[in-house]
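Just below is one structure, and these are the notes that go with it.
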Amino acid sequence: MNRRIYVAALAGLTLAACAGAVVTSQPWTPMQDAAGWSPVSASTRAVGLGLPGGAVLAKGVRYAGGVTLLADADSPLHSLSDLKLTGDGGFVSVSDVGDLARGTLALDARGRLIGLEGLRVRRLTLSDGTPISQKADGDAEGLAITTGGDLLVSFERDHRILNYGPLTALRAPQAVQRPDFPFAENDGMEGLAAAGDGWRVAGESSGVWDCSAARCAIVTAPPETPLTDSAYRITGMDRDPAGGWFVVQRAYRAPIDVRARLRRMAQDGTLGPVLVELKLPGTTDNFEGIAAERRGERTRLYILSDNNFNAVQRTMMLAFDVR
């Protein structure tokens with residue numbers, strides 16, 4: 001995650017994208033349920049794609065609604081850095097400080113995203129089962145649900161991938177294979193997704209690996225010179241239900257040019273044409289999470305932005321249907 005994307009002008013330029021009524025979730029109750037989850041309050045506001053000239057959608061792609069998540073400054077629902085679907089109408093996310101969040105997608109009669117409900121959080125733990133307490137231990141950036149149902153989380157700073165077991169029965173995590181590559185402290189394994197019997201990893205500064213319980217194999221080697229912030233870098237990845245993967249990329253050019261792209265990724269790591277591009281003067285932010293599911297004859301993509309705990313950035317979830 002790039003913490004230099006603290007752009008005050010972004011808030012004013014994207015206000016035109018916000019519209020609609022606020023939908024409030026349940027009030028905060030600091031009591032955990034039997035599985036360790038605590039309900040947390042927040043609200044959502046409908047968001048569009050913003051002013052003309054911003055969003056560019058490829059043929060066969062349509063916008064399917066979106067929301068901005070509104071939460072108190074001390075809420076754990078900030079700096080959410082990846083997103084996956086749970087297959088029951090719900091989603092799961094991780095934050096840069098070591099929180100796991102869950103909720104339910106609220107859709108209208110047309111299937112458009114109109115809200116987030118049933119929000120709850122719990123703290124991720126270290127391998128000995130103790131809750132994460134230090135930022136250096138809890139900078140979670142990637143999330144995957146394996147074909148066997150296990151929840152994987154990738155971390156930067158202390159670069160590792162931990163397996164927390166099934167989402168319905170989380171346990172003290174076990175370390176699993178991660179690429180043998182010297183990632184920079186704040187520039188690590190942003191993309192994480194299921195891949196056959198293993199998992200696929202994408203580094204923020206490029207490089208793609210396919211991992212299994214035994215080892216990680218290079219799919220696309222990282223360049224000798226890391227990508228700069230102004231280049232489109234992979235910040236999230238999920239399995240395409242039709243085969244292959246989808247990725248979200250982010251680019252930042254000072255002082256206020258923040259962009260995002262959605263693309264397909266082939267088995268060999270090759271990226272396909274741009275399906276969605278988000279840029280000013282339309283709706284845009286620091287998009288880092290992506291999740292995909294099949295809906296009829298289309299694939300539904302959800303993307304999530306990381307607000308970096310910054311008051312001028314937003315936590316948004318947008319939906320797109322791809323033919």
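No hydrogens, no waters, no symmetry mates; every other heavy atom, side chains included, goes into these values. As the structure is a computational prediction, the values presented were derived from the model and not from experiment.
Considering every non-hydrogen atom in both Gly115 and Thr44, the closest pair reads CA-OG1, 3.7 Å. Nearest heavy-atom pair, Asp268 versus Thr220, reported as atom, atom and distance to 0.1 Å: O-OG1, 3.5 Å. Nearest heavy-atom pair across Ile290 and Asp238 is O-CB, 3.7 Å. In this structure, Thr299 and Ala292 approach most closely via the heavy-atom pair CG2-CB, 4.3 Å.
Remark: Arg102 CZ to Lys84 NZ distance equals 15.0 Å, nearest 0.5 Å. Leu271 contributes atom CG, which lies 12.5 Å from atom CZ of Arg264 (distance to the nearest 0.5 angstrom). Atom OG1 of Thr68 and atom CE of Met317 lie 11.0 Å apart (nearest 0.5 Å). Taking OG1 of Thr86 as the start and CG of Leu105 as the end, the distance is 8.0 Å to the nearest 0.5 Å. Taken from CG in Asn308 to CZ in Arg314, the straight-line distance is 14.0 Å, to the nearest 0.5 Å. Put simply, CD1 on Ile234 and CZ on Arg250 are 12.0 Å apart, with the number rounded to the nearest 0.5 Å.
A donor atom on one side chain and an acceptor atom on the other are found under 3.5 Å apart for Asp96 and Ser79.
Asp72 is linked by a salt bridge (Lys or Arg N to Asp or Glu O under 4.0 Å) to nothing, counting only residues two or more places apart in sequence or in another chain. Not a single side-chain hydrogen bond (donor to acceptor under 3.5 Å, both in side chains) links Arg239 to another residue, sequence neighbours left out. Taking Thr104 as the reference, nothing meets the side-chain hydrogen bond (donor to acceptor under 3.5 Å, both in side chains) condition, with sequence neighbours excluded. Annotation: side chain to side chain contact (heavy atoms under 4.5 Å, CB included) contacts of Thr315 (sequence neighbours excluded): Leu69, Leu80, Leu304, Asn307.
With hydrogens and angles disregarded, no donor-acceptor distance shorter than 3.5 Å links the side chain of Ser206 to the backbone of Pro223. No donor-acceptor distance shorter than 3.5 angstrom exists from the side chain of Trp209 to the backbone of Trp199, with no hydrogens or angles considered. Here the side chain of Ser81 pairs a donor or acceptor atom with the backbone of Ala140 at under 3.5 angstrom. The main-chain N or O of Ile132 is never found under 3.5 Å from a side-chain atom of Asp137 such that the two would form a donor-acceptor pair. Side-chain atoms of Arg200 come within 3.5 Å of backbone atoms of Gln267 as a donor-acceptor pair (strictly under, hydrogens ignored).
Remark: Arg123 engages Asp99 in a salt bridge, criterion side-chain N to carboxylate O under 4.0 Å.
When each of Arg110, Arg294, Arg62 is tested with Asp321 by the rule salt bridge (Lys or Arg N to Asp or Glu O under 4.0 Å), just one qualifies, namely Arg62.
Within a 6.0 Å radius of CG in Asp88, more than 12 heavy atoms belonging to other residues, nucleotides or ligands are found. The local environment of CG in Asp128 is crowded, with over 12 non-hydrogen atoms from other residues, nucleotides or ligands closer than 6.0 Å.
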Exercise for the section: Report the C-alpha distance between Arg233 and Glu204 in whole Å, list the side-chain angles of each, state the deciding distance to 0.1 Å, and finish with yes or no for salt bridge (Lys or Arg N to Asp or Glu O under 4.0 Å). Expected result: CA-CA 6 Å; Arg233 313 204 299 177; Glu204 186 176 357; 3.0 Å; yes

Tell me which donor-acceptor pairs under 3.5 Å the side chains of residues 170-179 have, and how far apart each pair is, sequence neighbours excluded?
residue : atom : partner : partner atom : Å
Arg171  : NH1  : Asn163  : O            : 3.1
Gln177  : NE2  : Ala214  : O            : 3.2
Arg178  : NE   : His159  : O            : 3.4
Arg178  : NH1  : Phe181  : O            : 2.9

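Classification of the Phe155-Tyr164 ring pair by plane angle, with boundaries at 30° and 60°, yields tilted.
Residues in residues 77-133 take part in these ring-ring contact (aromatic ring centres under 6.0 Å, His included) pairs, two or more places apart or across chains: His78-Phe309.
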